[in-house]
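Everything numeric in this text was worked out from a predicted model, so none of it was measured. Below, read A as the first sequence line, B as the second, and so on, with proteins coming before strands; counting in each chain starts at 1.
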Amino acid sequence: MQLYRGMDVGTATPTEAEMGGVAHHLLNILDPSESFSAAAYRARAIPVIEDIRARGRIPVLCGGTGLYVNALTRPLGFAEPGDEALRQALQAVADGPGGRRILHDRLRAIDPDRAARLHENDVRRVIRAIEAHQLTGRTAGERAALDREREGDYRGLLFAPDWPRATLYERIDRRVMEMMHLGLPAEVDALIAAGVPMTATAMQAIGYKELIRAREGFITLDEAVGLIQQGTRRYAKRQLTWFYADPRVQWVPAEERSAQDIAREIKERLQVNGHSVG
RNA sequence: GCCUUGGUAGCUCAGAUGGUAGAGCAGUAGACUGAAAAUCUACGUGUCGGUGGUUCGAUUCCGCCCCAAGGCA
């Protein structure tokens, strides 16, 4: 979400001061009305990474979700671009009576393994799986096998801060309050004034969708703040679940330590792994 | 002070002609291959306000008490 312009407060996009002279890439490169995807992210990130490496530096990927991290550090080829018409047709099937079951059965017929891994209620993934099969003529397993033969993925070292859950949640609650004081509501107003459609990916962002509901009078501002805090806590938990399951992740204790101290530890671990960092 | 209606899971509530209770939300855990700050899945023991009584058995019926809201004085 930091890729979108005009969402600096709500996405905690680093300020000039916070960047401290270190070059940051791919921030504020998208119009909030644009849609985006993990594959598009991969396509945009690779040239940047190559450029940094050509200069003899080590790129640092910061933030984001597990899928986006894996888009660069795992052999994920991603099928072909989605076909909007097909996607809508499948969605129409899903919306009909018993549609979810019908859709899931259809996937089972063409890609049983993939179907077995998806719950029929996870309509978004079922649609994508059918779409990917129709566009490539291959099952997910076959596509993954092809991906594994491909070059071009990065062997990253993954670090994640390890906070006690209570501390993590307190920090989240506090940060949301801070965002409100820094002008998150005004930022939301500006996006709406700029005509960003409610259906845009950017409008799904935590902090924005809740304040829009408050703006429309469905909930109070206080309720919106509570929902933003809750949504952020849940999001953080989902990230934790993702990274717990990734054996590559090295957890770095964060409680009662300064950012500098944590950074120093990560740097030491990098050197142990044979990297040199300036 | 009297009357009425309530007091059941963290919250809002449902329910059992007496056989120790269940939904939504919250919470917790998990999944995730071109929407990912998205999407999806699983998980429900709590002195049924307190205390006496009736009963084989009471949270359910009866008495008294406490608390809350409304009404009458």
Side-chain angles (χ1 to χ4, degrees), chain A residues 1-4 7 9-13 30 32-45 63-84 86-88 90-91 94 100 103-104 111 113-114 116-136 138-148 150 153 165-166 169 172 175-176 179 184 188 197 199-212 219 223 226-246:
Chain A
M1 290 294 178
Q2 294 183 336
L3 313 204
Y4 287 109
M7 301 173 70
V9 173
T11 67
T13 301
L30 298 174
S33 300
E34 290 180 70
S35 62
F36 204 57
S37 70
Y41 170 68
R42 176 188 166 87
R44 298 198 64 151
T65 59
L67 179 63
Y68 275 55
V69 171
N70 283 356
L72 289 167
T73 62
R74 290 281 195 197
L76 301 187
F78 298 110
E80 299 301 307
D83 181 317
E84 201 49 46
L86 174 60
R87 194 172 279 192
Q88 276 171 19
L90 293 172
Q91 183 65 55
R100 295 177 168 199
L103 217 54
H104 195 261
D111 191 344
D113 291 341
R114 184 74 182 126
R117 304 208 53 156
L118 293 177
H119 192 280
E120 67 179 48
N121 285 345
D122 202 348
V123 175
R124 184 175 286 200
R125 286 201 176 79
V126 173
I127 287 178
R128 173 58 195 160
I130 293 172
E131 178 185 278
H133 185 272
Q134 297 210 358
L135 292 165
T136 63
R138 293 190 172 87
T139 66
E142 290 164 352
R143 276 179 273 129
L146 286 174
D147 287 344
R148 263 179 253 119
R150 240 194 25 229
D153 296 299
R165 189 64 62 86
Y169 286 178
I172 285 170
R175 191 180 75 163
V176 170
M179 286 177 174
L184 182 53
V188 172
T199 52
T201 303
M203 289 309 199
Q204 297 178 352
I206 298 169
Y208 298 84
K209 55 173 177 278
E210 295 84 357
L211 284 177
I212 287 167
I219 54 175
E223 286 169 338
L227 288 172
I228 293 168
Q229 291 171 325
Q230 178 184 86
T232 308
R233 279 184 245 120
R234 288 170 158 179
Y235 171 48
K237 170 56 176 77
R238 267 178 270 133
Q239 288 181 312
L240 288 174
T241 298
W242 185 292
F243 291 120
Y244 286 151
D246 189 334

Base, sugar-phosphate, or nothing: which does A:F36 touch, judged by heavy atoms less than 4.0 Å apart?
sugar-phosphate
Both A:G64 and A:A40 contact RNA chain B. Taking the nearest nucleotide for each, which residue is further toward the 5' end?
A:A40
With a 4.0 Å cut-off on heavy atoms, is A:Q230 in touch with a base, just the backbone sugar-phosphate, or nothing at all?
sugar-phosphate
Identify which nucleotide among B:U41, B:A36, B:G30 has an atom closest to any side-chain atom of A:T241, counting heavy atoms from C-beta outward.
B:G30
Let me check I have this right: for RNA chain B, each base becomes ., (, ), [, ] or |, based on Watson-Crick or G-U pairs with both distances under 3.5 Å. What is the full string?
(((((((..((((.....[..)))).(((((.......))))).....(((((..]....)))))))))))).
When the C1' atoms of B:G50 and B:C66 are compared, how many Å lie between them, rounded to an integer?
7 Å
OH of A:Y235 versus C1' of B:U39: gap in Å, rounded?
14 Å
A:I127 CD1 - B:A35 C1' separation (whole Å):
11 Å
Would you measure the distance from the P atom in B:G1 across to the matching atom in B:U59 and give it in whole Å?
29 Å
For B:A35, does OP1 or OP2 lie under 4.0 Å from any side-chain N or O of A:S35?
no
Think A:K237 has a side-chain N or O under 4.0 angstrom from the OP1 or OP2 of B:G27?
no
Among all residues two or more places apart in sequence or in another chain, which pass the salt bridge (charged side-chain N to carboxylate O under 4.0 Å, His left out) test with A:R114?
none
In whole angstroms, how far is the P atom of B:U33 from the CZ atom of A:R143?
10 Å
Please compare A:R124 and A:H119 by the position of their nearest nucleotide in RNA chain B and report the one closer to 5'.
A:R124
Over all strands shown, is A:G66 touching base, sugar-phosphate only, or nothing at heavy-atom distances under 4.0 angstrom?
nothing
If only atom types and distance count, is the side chain of A:E120 paired as donor or acceptor with the main-chain N or O of A:R100 below 3.5 Å?
no
Distance-only, no hydrogens or angles: does the A:Y208 side chain make a donor-acceptor pair with backbone N or O of A:M7 under 3.5 Å?
yes
Distance check: side-chain N/O of A:R238 vs OP1/OP2 of B:G30, anything under 4.0 Å?
no
The criterion is salt bridge (charged side-chain N to carboxylate O under 4.0 Å, His left out); which residues satisfy it with A:D113, sequence neighbours excluded?
none
Applying salt bridge (charged side-chain N to carboxylate O under 4.0 Å, His left out) to A:D122 and not counting sequence neighbours gives A:R125
Do the ring planes of A:Y41 and A:Y68 sit parallel (below 30°), tilted (30 to 60°) or perpendicular (above 60°)?
tilted
List the atom of A:T201, the atom of A:M1, and the distance in Å for their closest heavy-atom pair.
O-CE, 3.3 Å
Base, sugar-phosphate or nothing for A:T201? Non-hydrogen atoms, less than 4.0 Å.
sugar-phosphate
Pairwise P distance, B:G57 and B:U20 [rounded to whole Å]:
15 Å
Looking at residues at least two apart in the chain, or sitting in another chain, which of them share a side chain to side chain contact (heavy atoms under 4.5 Å, CB included) with A:A144?
A:R148
Measure from CG on A:L103 to C1' on B:C40 and round the result to the nearest Å.
14 Å
Expressed in angstrom and rounded to an integer, what is the separation of A:R42 atom CZ from B:A36 atom P?
17 Å
Quick check on B:U41: is either OP1 or OP2 less than 4.0 Å from any side-chain nitrogen or oxygen of A:N121?
yes
May I ask you to verify if any side-chain N or O of A:R114 is less than 4.0 angstrom from the OP1 or OP2 atom of B:U33?
yes
What interatomic distance, in whole Å, is found between P of B:C67 and the corresponding atom of B:U41?
46 Å
Check every strand shown and say whether A:T11 touches a base, only sugar-phosphate, or nothing at a heavy-atom separation below 4.0 Å.
base
Rounded to whole angstroms, how far apart are CH2 on A:W242 and C1' on B:A29?
17 Å
Whole angstroms only, please: what is the CG-P distance between A:D246 and B:A36?
20 Å
So, does the side chain of A:R125 form a donor-acceptor pair with the base of B:C32 at under 3.5 Å?
yes
Quantified in whole Å, what is the C1' atom distance between nucleotide B:A9 and nucleotide B:U17?
26 Å
Separation of B:U39 P from A:E120 CD (nearest whole Å)
18 Å
Roughly how far apart, to the nearest Å, are B:G7 and B:G46 at atom C1'?
15 Å
Which value, in whole Å, describes the distance between the C1' atoms of nucleotides B:U60 and B:U8?
11 Å
Mind checking A:Y169 for me? I need base, sugar-phosphate or nothing, with any heavy atom below 4.0 Å counting as a touch.
sugar-phosphate
Short side-chain N/O contact from A:R233 to OP1 or OP2 of B:G27, under 4.0 Å:
yes
Partners passing side chain to side chain contact (heavy atoms under 4.5 Å, CB included) against A:Q134 (at least two apart in sequence or in another chain):
A:L86, A:I130
So with a 6.0 Å cut-off around CZ of A:R165, is the heavy-atom count from everything else above 12?
yes
Distance, C1' atom - from B:G53 to B:U45, rounded to whole angstrom
28 Å
Under 4.0 Å between any heavy atoms, over every strand shown, what does A:Y41 touch: base, sugar-phosphate, or nothing? Just pick one.
nothing
hbond_proxy A:R234 side chain to B:A26 base (donor-acceptor, 3.5 Å cutoff):
no
